[in-house]
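In what follows, a structure is listed as structure tokens, so that the remarks can point back to it.
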Amino acid sequence: HGNRYIENCPKCGRVYLRGFCTCRRGNAVHDHRTGRTCDTCHTELLDSIINFQENLPEKALKDGWAHSEKADLALVLGTSLRVSPACQLPLQAEKLIICNLQHTPADARADTRVYASTDDLMKHVMDQLEIDVPPFRVCHRIHVRASEDEKRWTIHVSDEDGHSLDYAESIRIRTKDHKSEWKADARGNASSTSPLPLPAQVEVFVTLTNGFYDEPPIVLPHTITHPLPTSSTYEATYDPRERRAWHVVMMP
């Protein structure tokens, strides 16, 4: 239970939505420290997973109860409705629809009971509402900036807001002829060890941390030109069903 993509600061309350699983492997079951710190107050961040014998966050439970009591309809999708107190929330709504492949303790109280997969049900609901649901894709936008420093050129790889790629396990820069290669530091900076003639064609390899769909590395074909500095933003998309290479385009 919870959201493994979210980690939060217990001191200032800042919430971080990540592109990777925030849970740290090897932790004891009730140790929620992720190994990262808050950008605002530098406190150790915690994942948002709720294990058995742990309480729901007080505010989330209070807000959930208030919204449930005001709801005209509660739509329950793919849950056994056996874990308290969360299982009590949808029962507070005026009407109740349950979609689950197995029986639940609240079946008798449901106004409508559907035995189907949640995807199948929601596809029919969206069709009736005439709302198009696009196929799921993993998408990342990556900014590549090249500059010159002491007769060397440096490539900085970041997200489109200038922050480091928190989903990247490693970033490598390689010339197109495969003669030279550099590994970026934790901030996404990689510098050549000697001057290189420009324009230079390089490939930026981004290996992902904890990819949930066995994603291969993202490969960005980038050209460094005069005058420096130069920059480009790329959009990389991946279809988990096709399991092919990332589709990369340069943003206008």
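For reference, positions follow the sequence shown, starting with 1.
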Interatomic distance, OG1@Thr207 vs CG@Leu165, rounded to 0.5 Å, equals 11.5 Å
Is the backbone N or O of Glu160 less than 3.5 Å from a side-chain atom of Thr233, with the two atoms forming a donor-acceptor pair by type?
no
Is any side-chain heavy atom of Pro229 closer than 4.5 Å to a side-chain heavy atom of Arg145?
yes
As an exercise, state the distance from CD of Glu7 to CG of Leu17, rounded to the nearest 0.5 Å.
10.0 Å
Work out which heavy atom in Tyr16 is nearest to a heavy atom in Cys38; give both atom names and the distance.
OH-SG, 3.2 Å
With heavy-atom distances below 4.5 Å as the criterion, would you say the side chains of Asp107 and Tyr115 are in contact?
yes
So does Tyr213 get a backbone contact from the side chain of Arg243, meaning a donor-acceptor N/O pair under 3.5 Å?
yes
When you compare the side chain of Arg82 with that of Pro105, does any pair of heavy atoms fall below 4.5 Å?
yes
Test side chain to side chain contact (heavy atoms under 4.5 Å, CB included) applied to His143 and Ser231, step by step:
CA-CA 7 Å; His143 187 72; Ser231 62; 3.5 Å; yes
As a test of understanding, state which of Leu208, Val206, Val219 forms a side chain to side chain contact (heavy atoms under 4.5 Å, CB included) with Trp246.
Leu208
Whether the side chain of Thr37 engages the backbone of Glu44 through a donor-acceptor N/O pair (distance < 3.5 Å, no angle test) should be reported.
no
Nearest-0.5 Å distance, CG of residue Leu89 to NE2 of residue His67
11.0 Å
Following the transitive rule for hydrophobic clusters with a side-chain heavy-atom cut-off under 4.5 Å over Ile, Leu, Val, Met, Phe, Trp and Tyr, establish whether Ile98 and Val114 coincide in one cluster.
no
Just wondering, do His222 and Val157 contact through their side chains at under 4.5 Å, heavy atoms?
no
Would you compute the distance between atom OG of Ser191 and atom CD1 of Ile173 and round it to the nearest 0.5 angstrom?
10.0 Å
Under 3.5 Å: donor-acceptor pair, side chain of Asn8, backbone of Gly13
no
Could you go step by step and tell me if Asp132 and Met126 meet the side chain to side chain contact (heavy atoms under 4.5 Å, CB included) rule?
CA-CA 7 Å; Asp132 180 51; Met126 294 299 104; over 6 Å; no
Heavy-atom side-chain contact between Arg241 and Pro135 under 4.5 Å
yes
Under the side chain to side chain donor-acceptor pair (under 3.5 Å) rule, what do Ser117 and Asp119 come out as? Steps first, then yes or no, please.
CA-CA 5 Å; Ser117 71; Asp119 284 353; 5.8 Å; no
Which heavy-atom pair separates Asp39 from His42 by the least distance, and what is that distance?
O-CE1, 4.1 Å
Would a single hydrophobic cluster contain both Ile97 and Met122, if residues Ile, Leu, Val, Met, Phe, Trp and Tyr are joined by side-chain heavy-atom contacts under 4.5 Å?
yes
So, Lys123 and Asp127, do they make that salt bridge, N to O below 4.0 Å?
yes
Under a 4.5 Å cut-off applied to non-hydrogen side-chain atoms, are Arg244 and Asp239 in contact?
no
Under 3.5 Å, side chain of Thr43 to main-chain N/O of Cys9, donor-acceptor pair present?
no
Kindly give the heavy-atom pair with the smallest separation between Ala106 and Leu91, and that separation in Å.
CB-CD2, 3.8 Å
What about Phe205 and Val138, same hydrophobic cluster or not, with Ile/Leu/Val/Met/Phe/Trp/Tyr joined at side-chain heavy-atom distances under 4.5 Å?
no
Distance from His124 atom NE2 to Gln128 atom CD, nearest 0.5 Å?
9.0 Å
Donor-acceptor pair between Arg14 and Thr40 side chains, under 3.5 angstrom:
yes
Gap separating the NE2 atom of His32 from the SG atom of Cys23, nearest 0.5 angstrom
8.5 Å
Side chain to side chain contact (heavy atoms under 4.5 Å, CB included) between Glu203 and Leu220, intermediate numbers included
CA-CA 5 Å; Glu203 294 173 320; Leu220 309 176; over 6 Å; no
Just checking Gln53: does its CD atom have more than 12 heavy atoms from other residues, nucleotides or ligands closer to it than 6.0 angstrom?
no
So for atom CZ, which belongs to Arg187, do other residues, nucleotides or ligands contribute more than 12 heavy atoms lying within a distance under 6.0 Å?
no
Please name the pair of heavy atoms, one in Val248 and one in Ala236, separated by the smallest distance, quoted to 0.1 Å.
CG2-CB, 4.1 Å
If you compare all heavy atoms of Lys179 against all heavy atoms of Asp177, which two are closest, and at what distance to 0.1 Å?
N-OD1, 3.0 Å
Residue pair Ile218 / Tyr238, side-chain heavy-atom distance below 4.5 Å
no
From the options His247, His140, Met251, Met250, select the one residue that forms a side chain to side chain contact (heavy atoms under 4.5 Å, CB included) with Glu235.
Met251
When clusters are formed by joining ILVMFWY residues with side-chain heavy atoms under 4.5 Å apart, either directly or through shared neighbours, do Leu228 and Val204 land in the same one?
yes
Residues Thr237 and Cys139: closest non-hydrogen pair is CG2-SG, 3.8 Å
If only atom types and distance count, is the side chain of Glu54 paired as donor or acceptor with the main-chain N or O of Asn51 below 3.5 Å?
yes
Step-by-step side chain to side chain contact (heavy atoms under 4.5 Å, CB included) determination, Phe52 to Val29:
CA-CA 9 Å; Phe52 286 105; Val29 65; over 6 Å; no
Does any non-hydrogen side-chain atom of Pro90 lie less than 4.5 Å from one of Thr79?
no
Can Leu73 be reached from Ile131 by stepping across I, L, V, M, F, W or Y side chains whose heavy atoms are under 4.5 Å apart?
yes
